[in-house]
There are 2 protein chains.
Amino acid sequence: MTAFEPIRFEPGYRRVATAIAARILDRTLREGDSLPPETELAEQFAVNRSTIREALRELESADLVTRRRGTKRMVVTRPAADQIAGRVGQSLALHDVTVREVWQTLELIEPPIAAEAALHADAAAIEQLRAAVSRYAADHETAQQAVAGVADFFRAVAAASGNRVLPMTQEPLLLLLVAALEVMIDRAPPARGRIAVAQQHVLAAIEAHDAVAARDWMGKHVRDFRRGFEISGIDVDSPVPAPRRD
Amino acid sequence: MTAFEPIRFEPGYRRVATAIAARILDRTLREGDSLPPETELAEQFAVNRSTIREALRELESADLVTRRRGTKRMVVTRPAADQIAGRVGQSLALHDVTVREVWQTLELIEPPIAAEAALHADAAAIEQLRAAVSRYAADHETAQQAVAGVADFFRAVAAASGNRVLPMTQEPLLLLLVAALEVMIDRAPPARGRIAVAQQHVLAAIEAHDAVAARDWMGKHVRDFRRGFEISGIDVDSPVPAPRRD
DNA sequence: ATAGTATAATTGTCCGACAAATGGACAGGT
DNA sequence: ACCTGTCCATTTGTCGGACAATTATACTAT
């Protein structure tokens with residue numbers, strides 16, 4: 001005989017939250033629309049304002065609604081890449097993902113991304129990329145600056161591919177890379193220079209729309225990180241640090 | 001002169017939430033630990049229980065705490081891949097990412113993942129993979145079954161790589177692929193058969209630890225999806241449907 | 001020990017209340 | 001016209017208390 005399904009009781013705040021979320025996902029509520037005041041929502045759903053507020057906290061945490069800086073009304077938003085990426089990074093870190101797993105993944109996905117960027121980069125994207133490269137070249141004194149520059153370079157490359165899924169896919173990895181690099185970069189002195197060189201080669205390849213060269217140089221670039229970790233004496237099988245909280 | 005930073009007022013419920021989240025992220029609170037009752041938390045933080053509850057809703061929505069089925073206490077959890085992937089998929093869909101962007105991304109990352117799997121798959125992983133392949137071969141009558149089988153195959157391949165970052169990276173893509181495939185698969189009759197064949201070739205390559213063949217066949221496999229979309233007459237530049245809500 | 005029962009603890013939800021901040025209307029000064 | 005200051009109705013953030021329903025726990029009888 002078939003066992004019975006456990007009957008599940010959904011608390012009110014959750015049902016309210018999913019009801020509102022559904023309206024956002026099916027575009028009945030569109031980005032920028034502001035939600036009705038809490039008292040009004042409470043009337044419409046026929047629940048207490050406290051219940052509405054708990055539901056709103058859920059939606060807020062999912063970045064489906066946001067309170068604009070110092071304003072009162074809740075506004076419908078589309079969760080941005082970086083918001084969500086933080087969650088993914090958190091999750092990976094809590095699962096004790098290792099440094100090795102992070103750079104292995106980068107070794108796998110970054111070269112094809114660079115190749116794609118070489119094929120599809122338009123003038124504006126190349127301009128952005130150039131800016132990122134020269135920003136790194138100019139400012140990489142502190143570990144934080146250097147690491148942020150590295151991440152921004154990867155972001156610019158992915159953006160140059162013209163495919164909006166790629167930046168979002170790689171973003172969690174970048175957060176973890178940043179967390180790991182901040183520990184490593186000061187212990188591997190030659191790293192900063194090698195990074196600048198590799199960035200310039202990748203940039204040149206993309207400017208020339210040379211997919212093969214872009215893939216190759218990006219490959220070298222990410223393999224350099226592996227080397228950096230090895231040189232710096234960090235145990236690559238230790239878990240990555242959790243990305244800084246927002 | 002430098003403009004002033006907007007002074008930001010963090011409401012109490014948010015500060016409580018981040019305080020608890022910090023304890024989870026730094027492992028002071030570990031997975032499986034149960035949180036103190038709400039009244040006790042209210043005392044400790046010296047705020048009202050309502051405030052605590054709003055904070056808990058935030059954490060619950062971030063999957064950092066969960067209340068187990070039919071139980072009362074809140075338990076600390078590590079957010080699982082699939083929970084978070086739903087968010088990422090949601091976000092991408094809300095940003096009107098197109099079908100084309102999804103399969104382009106799959107074309108980029110799946111072949112290297114397959115190659116990696118061929119290099120690192122152990123016996124257990126191969127067994128899982130075999131099971132996934134034969135499950136698809138046995139059950140692909142309804143569109144839902146077929147599509148679920150496709151996604152599970154990709155999951156098994158990524159799992160076989162032994163790198164826990166890869167499954168999580170591809171999961172959001174799979175959710176979107178599933179949402180898009182459910183529309184397409186019934187309009188492209190030969191698709192189901194071609195999928196089975198490609199799966200078997202990828203499986204064979206991984207069993208033989210032949211990275212090159214694995215990459216090649218996985219490449220063919222994902223390019224088949226592109227063809228399927230083109231044949232089915234779906235506009236590949238139309239936005240992907242939002243993944244089904246949980 | 002097992003099953004059954006009484007009791008305490010805890011959650012989900014409601015009600016009512018109030019200070020503080022915001023948005024908007026309106027008036028006054030330049 | 002533009003900037004400033006003032007007043008007022010809204011709305012949020014937070015509090016306190018309350019209660020039914022459910023779960024955990026101690027206790028009892030078999």
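Quick note on labels: first sequence line is chain A, next is B, and so on, each numbered from 1. Computed over heavy atoms, backbone and side chain alike; hydrogens, waters and symmetry mates excluded.
Of all the heavy atoms in A/Ala55 and A/Tyr13, the pair that sits closest is CB-O, 3.3 Å. Between A/Phe225 and A/Met184, the closest heavy-atom pair is O-CE, 3.8 Å. Of all non-hydrogen atoms in A/Ser61 and A/Arg87, the two that sit nearest each other are O-NH2, 2.9 Å. Between A/Arg67 and A/Arg57 the shortest heavy-atom distance is NH2-NH2, 3.7 Å.
Side-chain N/O atoms of A/Arg49 include none lying less than 4.0 angstrom from OP1 or OP2 on C/dC15. Note on B/Tyr13: every side-chain N or O is 4.0 Å or more away from OP1 and OP2 of D/dT14.
Summarising the geometry, the separation between CG on A/Leu56 and C1' on D/dT11 is reported as 12 Å, rounded to the nearest angstrom. In this entry the distance linking CD of A/Glu60 with P of D/dT12 reads 12 Å, nearest Å.
Taking every heavy atom of residues 30-45 of chain A and every atom of DNA chain C, no pair lies under 4.0 Å.
Distance from the side chain of A/Ser50 is smallest to C/dC15 among D/dG13, C/dC15, D/dG16. Among C/dT13, D/dT12, D/dG16, the nucleotide with an atom closest to any side-chain atom of B/Asn48 is D/dG16. Comparing atom distances between the B/Arg67 side chain and each of C/dA17, C/dC14, C/dG12 picks out C/dG12 as nearest. Side-chain proximity of B/Glu54 to the nucleotides C/dT11, D/dT14, D/dC15 is greatest for D/dT14.
Side chains of A/Ser161 and A/Asn163: a donor-acceptor N/O pair is absent below 3.5 angstrom, by distance only.
A donor N or O paired with an acceptor N or O is not found under 3.5 Å between the base of C/dG12 and the side-chain atoms of A/Arg14. The base of C/dT11 does not come close enough to the side chain of B/Arg57 for any donor and acceptor atom to sit less than 3.5 Å apart.
Residues satisfying the salt bridge (charged side-chain N to carboxylate O under 4.0 Å, His left out) criterion with A/Arg30, sequence neighbours excluded, are absent altogether. A search for salt bridge (charged side-chain N to carboxylate O under 4.0 Å, His left out) contacts involving B/Arg164 returns A/Glu101, not counting sequence neighbours.
At the heavy-atom level, B/Thr51 lies under 4.0 Å from the strands shown only through sugar-phosphate atoms.
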